[in-house]
Amino acid sequence: MPEYFKLEQYDLILLAAGIIALLAAIVPVIMQKRVISAPIVYMLFGIASYFILLHYFFQPMQHMELIKRITEFVVIIALTNAGLKIKEPFKWETWKSSFRLLAITMPITIVAAAYLGWWIAGLAPATALLFGALIAPTDPVLAGELQTSQPSEADTSKIRLGLTSEAGLNDGLAFPFTYFAIMAAQYGTQYENWIADWLLHHVLIKIGIALVIGLLSGWGLFKIVFNIAHHDMLSKISRGILSLSLTLLPYALTEIAGGYGFIAVFVAACMFSRFEKFDKHMDSLHDFNEELESMVVALIFLATGIFIASHYYILLNPSIIIVALIMILIVRPVAGYASLAGRRLNRFQKFVLSFYGIRGIGSVYYLAYALTSATFENAEKLFDITIATIFFSVLIHGLTAHMVQKRIEKYE
């Protein structure tokens, strides 16, 4: 007699994937004009699923390699999207605000986070440095709600353009600082013994490789697609396959060469999308990337909700809460506002550019990358602080982003 209602792990995984895909398809649409953002909804679903169905004590430290690969994929997809959105990537006007956020705000944030992690949370010096590196960049995934419009739509908002260009580059620029923390963990805090090697290889050479390969691969892909293919053939080229090639080729080539793939992916997308007459095709690539991105974002924040539910005690730890809230409410806003002094921006523009340094998936990637590359003291506590900071960032920024969106046109 055949068996019915068999619970096999593979079938349960497929069921979970189908539910996640459904959520990724409908939640962003439903929440588009709502106060609550989609990542908040995913986290709430994760929390609810833990209490209703799972009661599974999620141990992320045992799955760092898997976490690294999943977050890596969603970040490079988001970076391609950010690059496709920037309409004039090689004009200084595009970078006036984000340059200051990258050159001034980001280093201040790294130093402040490292100090807070050491002083308040009691992290070891190398671990505190890693916290500074991974928590500094603005997340290109979660910052999407306040990013500039898709390629074919005119958007003169200095706020949106500044946040998009900042998020596009600073995820890659966090890599040298992550390596700084890794080398501190490996070789000790006698910096004079290895800082020259770090500066040469992990700052100058690796960034240079990423810029060169990003520019060349973006230019080469553009030539292949838009020069070899006749105009009437463009609509027949699969947007999904082309979008993946624009993301994966620059990333893989740069990683093989030893550079920073995150920087190369963003630069390649900027190079690829710089011609306005092909905007409708760029829209098609952008839309596919957003669909792909939303699926993985749903998965990650459902898992975050499960983690928060099963480790609720981290939100009861005063030192973790203090560090997370100081980073979100004081360090980034103050450092950002100070870096924009002298820019011809009104107070609202400076406030939004400063306050919305959203922490998210990129931070999880850097954490997983570092923990799979070297041994860090207090690694579990570092994971708890990172997740708590992301949790509060998603809540605070997610609940206020809709209000800010409505005021951007009024104040710009």
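Position 1 is the first residue of the sequence, and the numbers go up from there.
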Donor-acceptor pair, distance only, cut-off 3.5 Å: does the side chain of Trp198 make one with the backbone of Phe177?
no
Looking just at side-chain N and O atoms, do Thr138 and Glu166 make a donor-acceptor pair shorter than 3.5 Å?
yes
Polar side-chain atom of Glu377 near backbone of Ala124 as donor-acceptor pair, under 3.5 Å:
no
Does any N or O in the side chain of Tyr50 come within less than 3.5 Å of the main-chain N or O of Ala303, such that one atom is a donor and the other an acceptor?
no
Keeping the roles fixed (side chain from Glu255, backbone from Ala252), state whether a donor-acceptor pair exists under 3.5 Å.
no
Under 3.5 Å, side chain of Lys381 to main-chain N/O of Ala121, donor-acceptor pair present?
yes
Nearest heavy atoms of Thr375 and Ala185, plus distance in Å:
O-CB, 3.7 Å
Separation of Thr389 OG1 from Ile326 CD1 (nearest 0.5 Å):
10.5 Å
If you take all heavy atoms of Ser97 and Leu345, which pair is closest and at what distance?
OG-CD1, 3.8 Å
Is a side-chain donor or acceptor of Thr80 paired with a backbone partner of Ile76 at a separation under 3.5 angstrom?
yes
Any side-chain donor near an acceptor of the partner, Ser363 and Thr386, under 3.5 Å
no
Could Lys206 and Tyr179 be counted as a cation-pi pair, given that NZ or CZ must be under 6.0 Å from the ring centre and within 45° of the axis?
yes
Check step by step if ring pair (Phe, Tyr, Trp, His ring centres under 6.0 Å) holds for Phe301 and Phe45.
CA-CA 9 Å; Phe301 282 99; Phe45 266 104; over 10 Å; no
Side chain to side chain, Ile86 and Phe266, heavy atoms closer than 4.5 Å:
yes
Is it true that a side-chain atom of Arg100 and a backbone atom of Ala341 form a donor plus acceptor pair closer than 3.5 Å?
yes
Check whether any side-chain N or O of Trp95 sits under 3.5 Å from a backbone N or O of Gly162 as a donor-acceptor pair, and report yes or no.
no
Side-chain (Asn378) to main-chain (Leu123) donor-acceptor, under 3.5 angstrom
no
Would a distance-only check, ignoring hydrogens and angles, find a side-chain to backbone donor-acceptor pair under 3.5 Å from Asn170 to Leu102?
no
For Tyr312, does the OH atom sit with more than 12 other heavy atoms under 6.0 Å from it, leaving out its own atoms?
no
Would you indicate whether the side-chain heavy atoms of Phe262 and Tyr365 approach each other to under 4.5 Å?
yes
For the atom pair OH (Tyr313) and CD1 (Ile320), what is the distance rounded to the nearest 0.5 Å?
8.5 Å
Side chain to side chain, Ile213 and Val267, heavy atoms closer than 4.5 Å:
no
Ring pair (Phe, Tyr, Trp, His ring centres under 6.0 Å), paired with His397, selected from Phe392, Phe391, Tyr356:
Tyr356
Just say parallel, tilted or perpendicular for the rings of Phe355 and Phe351, cut-offs at 30° and 60°.
parallel
